[in-house]
Number of protein chains: 2
Amino acid sequence: MEEAPNKLRLYGTEASPFVRRVIWALKLKGVDYDFVQEDLSNKSPALLHYNPIHQKVPVLVHAGKPITESAVILEYIEEAWPDPTPLLPKDPYERAMARFWIAYGDQKHHVFHSFLACSEEGKEKAAKDLLEILKIVQDEALGDHKFFGGDTLSLVDLCYGWLTSLKYVERVVGVQVLEPMTLPRLHRWMQDFKEERVIKENLPDLEAKLPELEILRNHLVSTNN
Amino acid sequence: MEEAPNKLRLYGTEASPFVRRVIWALKLKGVDYDFVQEDLSNKSPALLHYNPIHQKVPVLVHAGKPITESAVILEYIEEAWPDPTPLLPKDPYERAMARFWIAYGDQKHHVFHSFLACSEEGKEKAAKDLLEILKIVQDEALGDHKFFGGDTLSLVDLCYGWLTSLKYVERVVGVQVLEPMTLPRLHRWMQDFKEERVIKENLPDLEAKLPELEILRNHLVSTNN
């Protein structure tokens with residue numbers, strides 16, 4: 001496929017937290033791109049062409065060359081457009097810590113999924129498991145900093161940015177986990193994160209998607225998945 | 001704990017493929033380190049102190065500061081000692097491809113585990129599943145190159161270096177998967193990889209560990225795990 005040399009295109013869906021982190025990174029870098037909305041129940045030939053192995057979003061196509069897997073895409077964005085808004089620290093040890101916590105969140109994403117999919121009887125345990133993970137993230141990763149990397153946003157913040165949609169999931173499940181009482185610093189982080197201009201301007205409209213989320217939850221519960 | 005400023009210590013086990021890739025990286029970089037042998041059935045207080053979250057090997061401790069998760073450790077080694085032996089390409093897109101294939105191997109490691117743990121009836125399917133993954137690795141990642149990154153070793157080669165121990169696993173399972181007939185280019189890569197001086201000098205002695213591997217397999221099969 002012939003492409004303009006610096007043409008940038010992102011294949012994704014509105015609600016995916018893995019797509020959202022890429023959108024935020026591109027917006028923070030001030031890089032122009034086209035967004036191609038995918039329907040995951042009927043994936044486009046382009047998506048299957050560019051990501052034959054995982055067949056998932058997000059896919060970033062830069063000058064005709066595809067990059068897949070959100071954590072890989074984020075590192076690519078950081079390396080292709082390092083300035084003027086670096087999203088990883090310079091120090092190798094601090095970079096390692098950032099990568100560790102990004103990987104940790106992704107490894108534990110199934111706990112969040114289990115929370116969304118929990119049955120009535122499993123609700124208490126699912127909420128407890130999620131709280132345990134978030135406590136580790138708050139105490140060990142965030143610490144006393146404003147953002148995960150210090151005073152300014154980093155890739156780690158973007159990767160935990162899905163926490164801004166947790167309240168919608170909490171509503172359909174009917175249990176609250178991320179509260180000022182239980183997770184004061186992580187809750188405060190979430191408020192600060194949402195107030196950052198680029199984040200605020202690019203939050204998904206999940207209020208409008210609540211009925212869909214409800215349908216998804218009912219489906220997951222009924223298929224025990 | 002007080003440490004000499006550049007003291008480097010690696011906590012690991014002889015047989016772990018995740019530890020082995022870190023050993024190879026440090027040897028290729030020509031960096032001196034102390035190796036601390038761990039007994040995973042009786043983990044040392046130091047290991048639990050340095051890796052309280054995952055409690056796993058490898059852990060690299062540099063000047064008293066721990067780095068965990070082998071993929072994160074490898075990137076750290078690359079950034080802390082970039083020259084004279086770079087193990088990632090310079091180009092952001094090629095780096096993204098390297099990271100993609102490292103992640104792919106780790107995501108699919110469970111297929112290798114299932115092969116080691118397969119029952120008599122499950123053997124054929126387990127071998128087929130493993131062959132399918134290795135075919136993708138050969139055709140999509142290795143292509144026609146000598147090594148994954150081209151003519152010289154990269155982190156991707158180190159991460160697929162566990163394939164050099166596959167023949168021992170094949171022996172205890174009783175099925176061969178990685179053969180010149182089925183996977184000619186990947187098999188040729190494995191031969192070339194093992195002939196590289198640093199790799200050759202630092203291959204684990206798995207011949208001596210065959211009885212242990214047999215015991216491990218019997219345990220996994222009997223616990224259906």
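Since the structure is predicted, the reported quantities are computational estimates derived from the model, not experimental observations. Note: hydrogens, waters and symmetry copies are ignored here, and every other heavy atom, side chains too, is used. Every chain is numbered from 1, with letters handed out A, B, ... down the list of sequences.
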Separation between CZ (A:Phe100) and NE2 (B:His54), nearest 0.5 Å, reads 3.5 Å
Measure distances from B:Glu140 to the heavy atoms of chain A and classify the residue's part below 4.5 Å as side chain, backbone, both or neither.
-> side chain
Determine the option with the most heavy-atom pairs under 4.5 angstrom with chain A, choosing from B:Ala71, B:Ala80, B:Pro66.
-> B:Pro66
State the CD1-CD distance between A:Ile102 and B:Glu69, to the nearest 0.5 angstrom.
-> 13.0 Å
Atom CZ in A:Arg99, atom CD1 in B:Ile73: separation rounded to 0.5 Å?
-> 12.5 Å
Please say whether more than 12 non-hydrogen atoms of neighbouring residues, nucleotides or ligands are located less than 6.0 Å from CD in A:Glu124.
-> no
Contact class of B:Arg95 relative to chain A, heavy atoms under 4.5 angstrom | side chain
Are A:Glu94 and B:Lys65 close enough, and set up right, to give a salt bridge (Lys or Arg N to Asp or Glu O under 4.0 Å), and what steps lead you there?
-> CA-CA 11 Å; A:Glu94 287 177 37; B:Lys65 294 194 285 184; over 6 Å; no
Any chance you could measure B:Glu79, atom CD, to A:Tyr93, atom OH, to the nearest 0.5 Å?
-> 14.0 Å
Return the minimal non-hydrogen interatomic distance between A:Ala96 and B:Ile67, and the atom names on each side.
-> CB-CG2, 4.0 Å
How about B:Lys123: does its NZ atom have over 12 heavy atoms from other parts shown lying under 6.0 Å from it?
-> yes
Atom CG of A:Asp32: over 12 foreign heavy atoms under 6.0 Å | no
For atom CG of A:Asp151, is the number of surrounding heavy atoms from other residues, nucleotides or ligands below 6.0 Å larger than 12?
-> no
Whatever's closer than 4.5 Å to a heavy atom in chain B on A:Gln107 counts as side chain
Quick one: OH on A:Tyr104 to CD1 on B:Ile53, what's the gap to the nearest 0.5 Å?
-> 5.5 Å
